[in-house]
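The residues of the chain are indexed from 1 along the displayed sequence.
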Amino acid sequence: MTFEIKNQVPEPETYLQLRKDCGLGGYELKAAELGLKNSLHAVMVFDGDDPIGMGRLVGDGGLFVQVTDIAVLPAYQGKGLGQMIMESLMSWSEVELPRSAYMSLIADVPANKFYEKFGFHETAPRSVGMARRVGTYP
């Protein structure tokens, strides 16, 4: 099989479908439409014309950058596509971002071991990741 990776932000509908098919949480279409156009950089992996994976960098482009939306369809997992996505994002960041930029991500276990290959390290106990959804504030 030959796969093609492209520097491309997914269309909102494609993004939401890939997230769903990969078992990631869902978002409203309006949220995807607003957020995706503000991506710093994004890549997609294709099998022919079919989108089968993606990854994005978000943030302010100078101080803080977050790796997000790393996803590969289950039928294509274990073929090195996640590695390809991360290598592409990391290569772009090394050229385009200031060396002092703080790059972070939230990793599901056991994916944290995968991200260590790209220089990411757990920050606990010095710091811990925290999150909340808008609309849940008391």
Can you name the closest pair of heavy atoms from [X] and [Y] and give their distance?
| X | Y | result |
| --- | --- | --- |
| Ala101 | Gly62 | CB-O, 3.3 Å |
| Gln8 | Met44 | O-CG, 3.4 Å |
| Gly129 | Ile106 | CA-CD1, 4.4 Å |
| Thr2 | Asp47 | O-OD1, 4.3 Å |
| Pro98 | Gly61 | CD-O, 3.7 Å |

Taking side chain as C-beta onward, heavy atoms only, is [X] less than 4.5 Å from [Y]?
| X | Y | result |
| --- | --- | --- |
| Val67 | Met86 | yes |
| Arg19 | Tyr15 | yes |
| Leu89 | His41 | yes |

Spacing of [X] atom [atom1] and [Y] atom [atom2] [to the nearest 0.5 Å]:
| X | Y | atom1 | atom2 | value |
| --- | --- | --- | --- | --- |
| Leu97 | Met90 | CG | CE | 9.0 Å |
| Arg99 | Ser93 | CZ | OG | 10.5 Å |
| Ile85 | Glu87 | CD1 | CD | 11.0 Å |

Do side-chain atoms of [X] reach the backbone of [Y] as a donor and acceptor pair under 3.5 angstrom?
| X | Y | answer |
| --- | --- | --- |
| Thr123 | Ser127 | yes |
| Thr136 | Arg133 | yes |
| Asp60 | Leu63 | yes |

Are [Y] and [X] connected into the same hydrophobic cluster when the rule is that any two of I, L, V, M, F, W, Y join if their side-chain heavy atoms are below 4.5 Å apart?
| X | Y | answer |
| --- | --- | --- |
| Ile5 | Leu73 | yes |
| Leu18 | Tyr76 | yes |
| Met103 | Phe64 | no |
| Leu40 | Phe118 | yes |
| Leu105 | Tyr27 | yes |

Exercise. Should we say atom CG of Asn38 is surrounded by more than 12 heavy atoms from elsewhere, each under 6.0 Å from it?
Worked result: yes
For this session: State whether the number of non-hydrogen atoms from other residues, nucleotides or ligands found under 6.0 Å of Glu122 atom CD is greater than 12.
Result: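 Result for CD/Glu122: open.
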Exercise. Which is it for Val45 and Glu4 under the side chain to side chain contact (heavy atoms under 4.5 Å, CB included) test, yes or no, and what are the steps along the way?
Worked result: CA-CA 6 Å; Val45 180; Glu4 183 179 11; over 6 Å; no
Exercise. Is it the case that Gln17 and Asp21 place a side-chain donor and acceptor less than 3.5 Å from each other?
Worked result: yes
For this session: Classify the angle between the aromatic ring planes of Phe120 and Tyr115 as parallel (below 30°), tilted (30 to 60°) or perpendicular (above 60°).
Result: perpendicular
For this session: Start with the C-alpha distance between Leu81 and Met84, add both sets of side-chain angles, then the distance that settles side chain to side chain contact (heavy atoms under 4.5 Å, CB included), and finish with yes or no.
Result: CA-CA 5 Å; Leu81 300 178; Met84 185 182 346; 3.2 Å; yes
Exercise. Looking at Phe46, is Lys6 sitting on its ring face, NZ or CZ under 6.0 Å from the six-membered ring centre and within 45 degrees of the normal?
Worked result: yes
Under 3.5 Å, sequence neighbours excluded: what are the donor-acceptor pairs made by side chains of residues 49-57?
from: Arg56; atom 1: NE; to: Asp69; atom 2: OD2; distance (Å): 2.6
from: Arg56; atom 1: NH1; to: Ser39; atom 2: OG; distance (Å): 2.6
from: Arg56; atom 1: NH2; to: Asp69; atom 2: OD2; distance (Å): 3.1

Problem set entry | salt bridge (charged side-chain N to carboxylate O under 4.0 Å, His left out) between Lys30 and Glu33, worked out | CA-CA 5 Å; Lys30 180 180 179 181; Glu33 290 169 348; over 6 Å; no
For this session: Verify side chain to side chain contact (heavy atoms under 4.5 Å, CB included) between Val72 and Lys79, making sure each step is shown before the conclusion.
Result: CA-CA 10 Å; Val72 175; Lys79 300 180 185 311; over 6 Å; no
